[in-house]
Amino acid sequence: MSSLSPRRLVATAAAALSLVLVVGCGSTSDTAAGNSETRTVKTEQGDVEVPTEVDSVVVLNYALAGFLYDLDVPVTATTPEHTEGKAEPSKFWKEEAEEAGTEFLPWNTDGFDLEAILEADPDLIIAGGIGFPLKHATDAYEDLSDIAPTVVVSGKLETWQEQYSFIAKDVFDKKDVYDKAVADYQARSEEVKENITLPPGPVSFLMTTGDKTPYILIEDMGLPKVMSTIGFETAPLFEENDVEPYTAGGDSFEVSTENVGQILDSPTVFVMGFNMETFSAEDLKKEPVYSQLPAFEEDNVYDLPYWVMRGDYDEAMELLNIIEKEFS
């Protein structure tokens, strides 16, 4: 990861100066937080005292925002799904975001816009998760904590259940909401498992970016772990090859186009984009480097929407519908 650009340094300095002025004057949010009760949340950064009642929460990971809407938490702002292009709410929480008046905060590959976060005036910041949002949150943790109590969701929480459990139970004390969601998902997943016929295994998950760069999802994280609950065994390609995650805490590894044929030898492959719809299975079948792979030769290649990669509860439920439809 590159060092901060001059523009980011200026923005950081401006945020720090603004923060000093706000603290010196005694902001409304600081006063409200000081007068409210708190609970202690244990994180990898240490214990965090979070207010039991919040009026404004900033979420610095689009993939985590859905959990907060499901918990009926007031989300003042969140970061967009990707650093470039139009910022849009997920179809799964668009209505809730519009009702809450949720705004999108700019961010880029160097990190978050601290000044924009400060201007959102949060009572609480939720950050972390998987990939760049986690790295940015840990890098900027002290600065974020100067703005508001900041809870970083550990990268060790790799499935939606683990993330939702921490956010619902530890942060917001809403265990009942989480328990119902898990019970509903379990019942539905058992139903789907009974209704489908699995394709040849083990399977792999191929993710492509807009420039056709291929990435393979790591077998013991995120989506592969979720899919294992309905019977899909993921090939241990990360374990068997000399590769590294694309970033610290990342859930995939990059493969050069030249080496795809040497690594991606699974009988079945699922194809998806990264934070956008990119190349479909049909598109990739036209590429010589992919057409000769076992899964492509046997026509065991299936599309998945990009959002399943780091899905929340609502997306996980919709994924079950997609799998049932495809393999029934």
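Bear in mind that the values here come from a model prediction, so they are computed numbers and not experimental data.
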How long is the gap from [atom1] on [X] to [atom2] on [Y], to the nearest 0.5 Å?
| X | Y | atom1 | atom2 | result |
| --- | --- | --- | --- | --- |
| Lys135 | Thr138 | NZ | OG1 | 6.5 Å |
| Asp312 | Leu68 | CG | CG | 10.5 Å |
| Asp143 | Ile117 | CG | CD1 | 9.5 Å |
| Leu284 | Leu206 | CG | CG | 6.0 Å |
| Leu124 | Glu53 | CG | CD | 12.5 Å |
| Phe274 | His82 | CZ | NE2 | 9.5 Å |

Exercise for the section: Return the orientation label for the Phe205 and Phe270 ring planes: parallel under 30°, perpendicular over 60°, tilted otherwise. Expected result: parallel
Answer yes or no: does atom [atom1] of [X] have more than 12 heavy-atom neighbours from other residues, nucleotides or ligands under 6.0 Å?
| X | atom1 | result |
| --- | --- | --- |
| Asn321 | CG | yes |
| Glu103 | CD | no |
| Glu98 | CD | yes |

Taking only distance into account, with no hydrogens and no angle test, what donor-acceptor pairs under 3.5 Å do side-chain atoms of residues 220-242 form with protein atoms, sequence neighbours excluded?
from	atom 1	to	atom 2	distance (Å)
Ser228	OG	Lys225	O	2.5
Thr229	OG1	Val226	O	2.6
Asn241	ND2	Leu237	O	2.7

In the structure I gave you, are the side-chain heavy atoms of [X] and [Y] within less than 4.5 Å of one another anywhere?
| X | Y | value |
| --- | --- | --- |
| Glu191 | Leu320 | no |
| Asp251 | Glu158 | no |
| Lys42 | Asp170 | no |
| Tyr164 | Val177 | yes |
| Asp113 | Leu105 | no |
| Thr257 | Lys212 | no |
| Glu315 | Trp160 | no |
| Leu144 | Leu60 | yes |

Handout entry: Cationic N near anionic O, under 4.0 Å, Lys180 to Asp176
Key =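 Answer for the salt bridge query: no.
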Exercise for the section: Answer yes when Glu324 and Arg188 have at least one side-chain N-carboxylate O distance shorter than 4.0 Å, and no when they do not. Expected result: yes
Consider only side-chain heavy atoms of I, L, V, M, F, W and Y, link residues closer than 4.5 Å, and tell whether [X] and [Y] are in one cluster.
| X | Y | value |
| --- | --- | --- |
| Ile218 | Leu157 | no |
| Phe279 | Met309 | no |
| Val271 | Ile323 | no |
| Val269 | Val203 | no |
| Val153 | Val54 | yes |

Show the nearest heavy-atom pair for residues [X] and [Y], with the distance to one decimal.
| X | Y | value |
| --- | --- | --- |
| Phe296 | Ala281 | CE2-O, 4.1 Å |
| Asp121 | Ser56 | O-OG, 3.5 Å |
| Asp72 | Lys174 | O-NZ, 4.0 Å |
| Pro133 | Ile130 | CD-O, 3.5 Å |
| Tyr62 | Pro80 | CD1-C, 3.7 Å |
| Pro202 | Pro267 | O-CD, 3.0 Å |

Problem - Centroid-centroid under 6.0 Å between Phe132 and Trp107 rings - result: no
Handout entry: Pair Trp93 + Phe67: ring centers closer than 6.0 Å
Key = no
Problem - Pairs satisfying salt bridge (charged side-chain N to carboxylate O under 4.0 Å, His left out), at least one member in residues 293-306, at least two apart - result: Lys285-Asp299
Problem - Evaluation steps, side chain to side chain contact (heavy atoms under 4.5 Å, CB included), between Thr197 and Phe327 - result: CA-CA 6 Å; Thr197 300; Phe327 296 105; 5.7 Å; no
Exercise for the section: Would you please say whether a donor-acceptor pair under 3.5 Å links the side chains of Glu37 and Thr52? Expected result: no
Exercise for the section: Would you confirm whether Asp123, through its side chain, and Asp55, through its main-chain N or O, come within 3.5 Å as a donor-acceptor pair? Expected result: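 It does hold such a pair.
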